[in-house]
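Remarks on the structure that follows.
Chain identifiers are assigned alphabetically (A, B, ...) following the order of the sequence lines, protein sequences preceding nucleic acid strands; residue numbering begins at 1 within each chain.
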Amino acid sequence: MAEIRVENLLKSYKQGSRRVEALRGIDLVFNGGEPVAVIGPSGAGKTTLIHILGTIDRPSAGRVLYDGRDVFAMSDRDLARFRNRTVGFVFQFHHLLLEFTALENTMMPALIQGVQRREAKGRAQEILEEVGLGDRMTHKPGELSGGEQQRVAVARSLILEPQVLLADEPTGNLDRETGEGVYQLLQQMNREKGITLIIVTHNEEIAGRLPRRIHLVDGRVV
Amino acid sequence: MNRNFFKALKMEKIAMFIILTLIVFVAALAIVTTLIMVVMGKTRDIAILKSMGATTSSIMKIFIFEGLLIGVVGTIVGTILGLLIAYNLEGITQFLEGLFRFKFLPGDVYYIDELPSTVRPLDVVLIDGIAFLLSFLATLYPSRKAAGLDPAEALRYE
Ligand SMILES: Nc1ncnc2c1ncn2[C@@H]1O[C@H](COP(=O)(O)OP(=O)(O)OP(=O)(O)O)[C@@H](O)[C@H]1O
Ligand SMILES: [Mg+2]
């Protein structure tokens, strides 16, 4: 269970001659195992924050500490390894690999880590059963409904039992009921496995149910 | 007389070499552009793999592998076709000459009236080696580009 400490995080993008400030000095602590909602208007910097927390983007300034360890001080190779072991992503768009089946997609992080195929397959099957997709394993993303795609994405993000699960509007493209199912699943994983859950959402109802909400506006926490 | 003949032959060899070099160059470029297209089409997939912790070098390996596969298959097919043509050149020229009622090397103009051809094993090995090396070199730039892709940008949108 990782504690994530964010110190004075700045992120700016160059756009021609203009500079867009996506994050303007964020200081936060996420306690291990705590479910947190990140809310705020469009363009507030939520996705940018999630990407930096998950180390797929680098801040312009400031630090991100996982249990005291400055992650961006690591080499690229170590950072990739760290990401593989520690972080799970669920994006607004399922972002599954279209040429692979649900099972193969779920196995992918384990294969990247170098887990034996047999073992990865076994674990993926287990997790797909858990998210209620036991009978959809050999389907490709194109043959799955939006809710099923997103559940595969959740299964994929969980196969290596990450310490942190970052979900960026995971229910944004789903109808209320399906979205609720995916959300329940995320919360169940948080409760059962003690995974730190950080979930970006526009859904007031979902945000309201989480014990802690972080409100971003214009790159700042308010 | 004889000296002019050999001069002409030498010129021909140089011209041939230049043409072949250009062909090989174009073929290598074809691998480069094909791979760049593949990389562009796979932007999202590359970003997804990176978000799951795939290293830069493992992404590079994927595309180098794909490029080498193209190179190896191309070299093998090319060698087989080339050898088939070289060993049957006489028959092929006769067939073409018959087909188009035309002589490649009219006996009254040239000293020889057929295309001579020998297969030199060393040349075959050398050219295959070069073809393979070139296809490897052609993979490097696109693979590097693929591996250096910024995942955050690609994952922001559908
Ligand atoms: N590559 C980029 N170049 C320039 N500006 C960018 C780039 N990426 C993001 N931005 C800007 O950074 C700001 C924050 O974007 P971000 O995607 O983090 O917002 P968000 O809170 O996730 O919004 P939404 O709710 O619409 O998803 C926006 O103003 C956006 O235009
Ligand atoms: Mg966003």
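In terms of heavy-atom pairs under 4.5 angstrom with chain B, the leader among A:Leu160, A:Leu97, A:Leu111, A:Ile50 is A:Leu97.
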Stepwise, does the salt bridge (charged side-chain N to carboxylate O under 4.0 Å, His left out) test hold for A:Lys193 with A:Glu130? CA-CA 13 Å; A:Lys193 309 194 177 180; A:Glu130 228 175 303; 3.4 Å; yes
Quiz item: Could you walk me through whether A:Asp168 and A:Lys46 pass the salt bridge (charged side-chain N to carboxylate O under 4.0 Å, His left out) check?
Solution: CA-CA 8 Å; A:Asp168 190 357; A:Lys46 304 181 298 293; over 6 Å; no
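Remark: side-chain polar atoms of A:Asn105 are paired, donor with acceptor, to backbone N or O of A:Phe100 under 3.5 angstrom.
With a 4.5 angstrom heavy-atom cutoff, A:His51 touches chain B only via side-chain atoms. For B:Ile48, the part lying under 4.5 angstrom from a heavy atom of chain A is the side chain only. Neither the backbone nor the side chain of A:Arg58 comes within less than 4.5 Å of any heavy atom in chain B. When heavy atoms are compared at a cutoff of 4.5 Å, B:Arg156 approaches chain A by way of both its backbone and its side chain. Only the backbone of A:Leu96 comes within contact range of chain B, with at least one heavy atom under 4.5 Å from a heavy atom of that chain. Contacts between A:Gln92 and chain B at a heavy-atom distance below 4.5 Å are absent for every atom of the residue. Heavy atoms of A:Ser157 lying under 4.5 Å from chain B are absent altogether. For a residue to count as touching a neighbouring chain, one of its non-hydrogen atoms must lie under 4.5 Å from one of that chain's; by this rule B:Thr55 touches chain A with backbone and side chain alike.
Using a 4.5 Å heavy-atom cut-off against chain B, the contacting residues of residues 82-89 of chain A are A:Arg83, A:Asn84, A:Phe89.
Across all non-hydrogen atoms, the minimal contact from A:Ile52 to A:Phe72 is O-CZ, 3.4 Å.
Judged by distance alone, the side chains of A:Arg77 and B:Ser57 do bring a donor and an acceptor atom under 3.5 Å apart.
For the pair B:Lys10 and B:Phe6, the NZ or CZ position fails the cation-pi test of under 6.0 Å to the six-membered ring centre and within 45 degrees of the ring normal.
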